[in-house]
Amino acid sequence: MNYTNTLKIALNALRRNKFRAFLTMLGIIIGVASVIAMLAIGQGSKKSIQDEMSSMGTNMIFIMPGADMRGGVRQSASDMQTLKLSDVEAIKEQCSAVSAVSPQVSSSSQAVVGNNNWPTSVYGVDNDYLEIRKYSIETGRNFSDREVKTYAKVCLVGQTVIENLFPNGENPIGQSIRVGTIPLKIIGVLAEKGENGMGQDQDDMIIAPYTTVQKRMLAITYIQSIFASAASEDVNDQAIEQISETLRRTHKLKADDADDFSVRSQAEMVQMFSSVSDMMTMLLGAIAGISLLVGGIGIMNIMYVSVTERTKEIGLRLSVGGRGNDIMMQFLVESILLSVSGGIIGILLGLGSSTAVSALMNWPTVIVPMSVVFAFLVCTVIGVFFGWYPARKAASLNPIDALRYE
Amino acid sequence: MGNKIIQVNELKKNFHVGEITVHALKGIDLEIEEGEFVAIMGTSGSGKSTMLNILGCLDKPSDGIYKLDGISMGDMNKNELAGLRNEKLGFVFQSYNLLPRTTALENVEMPLYYNSRVKAKERRERALAALDAVGLADRMHHMPNQMSGGQQQRVAIARSLVNDPRVILADEATGNLDTRTSYEIMSLFQDLNDQGKTIIFVTHESDIARFMKRNVVFKDGRIVKEEWVKDRFNAKQMLTELPVDQDVI
Ligand SMILES: Nc1ncnc2c1ncn2[C@@H]1O[C@H](COP(=O)(O)OP(=O)(O)O)[C@@H](O)[C@H]1O
Ligand SMILES: [Mg+2]
């Protein structure tokens, strides 16, 4: 028998049971659609985290006190006092791959203007900090070297703080803001930056010279962390290496001493978050994959029932000259038609719902072309695999036994 | 005449059911010539269907020789038997065996799908001609459940004719029908036979057997009587004599 005939017979058989065919396909449809949508959502969130972190500057490097004990128990970084201002100076002078460097000390304080107050964080930094962390000034100016040297009572303020302390839209420049017990003069307002990849509000902050925060607020001489910029993304690794060497030297560590600081780059963080969201994507995909498998078993179940239910039909087809092979092909083609058309509908539904999710819920989605190809292949395989056994059973029937079957 | 289309020698068929062996056919000798119209008769369980199934290549004999159109069945494989059924044989069953939710036309076309030499256009033409021959051309788009038993059986007969078979085999083809409809079906078979078709018709009803030319009576897996029918019934004439509103059961 030729293929067109097999196809026609199979199509006619499915047409006779439209509703059941649809129900059978439903499992595949849902399975495929969820695989595609899940992967699209997973990839979308990965990409948006990556974009977000890259926008913070991929050549940013940060240095924390204390040994690097990823995953292990570690003291709170701010309690450790291994980083000194001399470290910053040394990095500035000795590391050729580093283009900018700034210390950071921070304190959580209540900020007050008139009757309004707002709990926020004050970061004490050098004036290169804005460049390193890709902050920009909307109005006003950055503080000068002189203001750093003289512990000047000046500050730059983020948008969230402005909104809460100046609710009536007054011009904040030149106004005084009391942070803890210290009054600071606002000399600049930072441009809005939004949330970072971890959902932190990057506009809820006050920036002041580190000297001011060290002496006037915290009364400490050490620094809590150091931020630096590699000269370019390409020299990231080189910069990290130079920083480590420099700090080991200034800290007078012996060859077999462990580092008493840790150096991380933004690029590393991007990678870490990417691998986390890759794992999430895989998990989502696996769950969706299971529903695809269940859909496949649904097809097998229906095909199996259908062989039993249609034993008389099989007997009739055999009696008019259908060969075992013809019968087997009919059932196999039916099963493949079901799963492949279910797959196609599922792919369209998956693409549609991914688009809808990103449009309606503002979730980023990225369609993965491979997942479409993969879903299609899996459906074909499911059709063959789960259709095979029932089809073989149908083909092996004896004509007379099939005809007499009640 | 004279061409022996069916030759059966010492044919036996045993069924094994658990420990027991049922001897359904215990040595049958039978010859049927082209153009014959033979009734296979006998009580229930006498082996009629078993015989017909073997003649129709649906089942294999346990022993003995069966030649169809000069070809011995003994050394044919499953696929060759299927090809033989497709080209040389037509079946009519007691319960019609039409595909549900499938039009009369498509039911009649069905056997031709398994003959790759017949193209789509020819398939349609031949199915229409077969439906026309049984007087159902106007019902070709009807589904089985939209037709009476007699009409369904006529569709089944059209299906058995569509491949222009050498022999038509019918097993209790009137068994589910009332008298008038039975006569109508017999009239159709008589016409086909008049046109030269060889027909073998299994029935346990002796009045139905009188529409045929020759009767072969089975009992316990053996032929106990063979006779040519004297005073053969003519279905068309009997139909005119039947009371119009009343079915004689
Ligand atoms: N598939 C089978 N398995 C076991 N016994 C069978 C089978 N088919 C027929 N028989 C037995 O063979 C005998 C003849 O059956 P059958 O040819 O169907 O009789 P008839 O058609 O004359 O009523 C019966 O005793 C029946 O029980
Ligand atoms: Mg019988």
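Here is the naming used below: chain letters follow the sequence lines, and residue numbers restart at 1 for every chain.
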- prompt: Which answer fits A:N12, side chain, backbone, both or neither, if we ask what part of it has an atom under 4.5 Å from a heavy atom of chain B?
  reply: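 Only the side chain of A:N12 comes within 4.5 Å of chain B.
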message: Is A:R15 in contact with chain B via its backbone, its side chain, both, or neither, using a 4.5 Å heavy-atom distance?
response: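 Side chain of A:R15 only, per the 4.5 Å heavy-atom cut-off to chain B.
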field: Enclosure of B:Q146 CD (heavy-atom neighbours >12, cutoff 6.0 Å)
entry: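 Correct, the count exceeds 12.
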Per-residue contact mode, [X] against chain A (heavy atom under 4.5 angstrom):
X	answer
B:R117	neither
B:N53	side chain
B:P165	neither
B:E106	side chain

query: Hey, which of A:G322, A:A13, A:P399 has the most heavy atom pairs under 4.5 Å with chain B?
result: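 Most heavy-atom pairs under 4.5 Å with chain B: A:G322.
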query: Taking every heavy-atom pair that is under 4.5 Å apart, which of A:N398, A:I400, A:N17 has the most such pairs with chain B?
result: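 The answer is A:I400.
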task: Is it possible for you to check whether B:R123 lies under 6.0 Å from the centre of the six-membered ring of B:Y113, through NZ or CZ, and within 45° of that ring's axis?
output: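 Because its charged atom sits under 6.0 Å from the ring centre and within 45° of the axis, B:R123 does stack over B:Y113.
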Do [X] and [Y] meet the criterion of a side-chain donor-acceptor pair at a distance under 3.5 Å?
X	Y	result
B:Q94	B:N176	yes
B:T102	A:R16	yes
B:D171	B:S49	yes

- request: Please work out which of the three classes, parallel, tilted or perpendicular, describes the rings of B:F201 and B:F189, given edges at 30° and 60°.
  value: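 The arrangement is perpendicular - the two ring planes meet at more than 60°.
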